[in-house]
Amino acid sequence: MRIKTGFGWIEINGETYRKDIIIHVDGRITYRDKSLSRHLRHLYGHTPLTKRELEFLEEESPEVVYIGTGQYGALPITEDARKYLNKYKTVIKPTPEAIKDIEKENRRYTAILHITC
């Protein structure tokens with residue numbers, strides 16, 4: 001998988017996305033459903049990543065979960081999300097650093113990638 005990113009975009013295998021994405025264990029790419037967490041935006045100044053957004057991981061059973069926290073690492077992650085992620089081997093890094101690891105990954109993984117801040 002070839003991945004490039006910059007502020008407000010991510011390109012995967014030549015296709016550009018302009019919203020946060022999820023790379024699923026089967027290789028599908030979907031957009032992150034921020035509506036599940038938007039009600040907390042006022043508390044964080046940004047829509048945080050919450051446990052509710054992560055519950056799909058139960059079905060995917062990834063060996064590792066990557067959380068790309070944005071170009072500058074500013075994506076807030078709620079405490080309940082962090083506790084939930086303890087069930088999985090998890091790598092949390094700014095998105096440009098996370099994609100370097102993802103490109104080399106051989107295990108079954110899911111990646112949630114924030115593309116701004």
Taking atom [atom1] of [X] as the centre, report whether more than 12 heavy atoms of other residues, nucleotides or ligands fall under 6.0 Å from it.
X: Asn106; atom1: CG; result: no
X: Glu59; atom1: CD; result: no
X: Tyr72; atom1: OH; result: no

Taking the side chain as C-beta and beyond, is there a heavy-atom pair between [X] and [Y] under 4.5 Å?
X: Ile29; Y: Glu15; answer: no
X: Ile21; Y: Ile12; answer: yes
X: Asp20; Y: Ile112; answer: no
X: Tyr109; Y: Ile23; answer: yes
X: Trp9; Y: Lys4; answer: yes
X: Tyr84; Y: Glu58; answer: yes
X: Ser37; Y: Leu49; answer: no

About how many Å separate [atom2] of [Y] and [atom1] of [X], when rounded to the nearest 0.5 Å?
X: Tyr17; Y: Ile115; atom1: OH; atom2: CD1; value: 11.5 Å
X: Arg2; Y: Ile99; atom1: CZ; atom2: CD1; value: 12.5 Å
X: Leu54; Y: Leu85; atom1: CG; atom2: CG; value: 5.0 Å
X: Lys100; Y: Thr5; atom1: NZ; atom2: OG1; value: 12.0 Å
X: Ile77; Y: Lys51; atom1: CD1; atom2: NZ; value: 16.0 Å
X: Leu40; Y: Asp80; atom1: CG; atom2: CG; value: 8.0 Å

Under a 4.5 Å side-chain heavy-atom rule over Ile, Leu, Val, Met, Phe, Trp and Tyr, are Val65 and Phe56 clustered together? yes
Cluster question for you: counting only ILVMFWY and a side-chain heavy-atom cut-off of under 4.5 Å, with indirect links fine, are Ile92 and Leu75 together? yes
Please give me the minimum heavy-atom distance between [X] and [Y], naming the atom from each residue.
X: Gly70; Y: Pro96; answer: O-CD, 3.7 Å
X: Ile22; Y: Tyr31; answer: CD1-O, 4.4 Å
X: Ala98; Y: Gly68; answer: CB-CA, 4.2 Å
X: Ala111; Y: Ile102; answer: CB-CD1, 3.7 Å
X: Glu103; Y: Ile3; answer: OE2-N, 2.9 Å

Please report the C-alpha distance between Met1 and Asn13 in whole Å, then the side-chain angles of each, then the deciding distance to 0.1 Å, and finally whether the side-chain contact (heavy atoms from CB on, under 4.5 Å) criterion is met. CA-CA 6 Å; Met1 184 171 285; Asn13 295 332; 4.1 Å; yes
Tell me whether [X] contacts the main-chain N or O of [Y] through its side chain, where contact means a donor paired with an acceptor under 3.5 Å.
X: Thr69; Y: Ala74; value: no
X: Arg107; Y: Pro62; value: no
X: Thr78; Y: Arg82; value: no
X: Glu53; Y: Arg32; value: no

side-chain hydrogen bond (donor to acceptor under 3.5 Å, both in side chains) partner of His114, the single match among His46, Gln71, Lys19, Lys34: His46
Apply side-chain contact (heavy atoms from CB on, under 4.5 Å) to residues Glu105 and Val91 and explain how you reach the verdict. CA-CA 12 Å; Glu105 186 58 66; Val91 177; over 6 Å; no
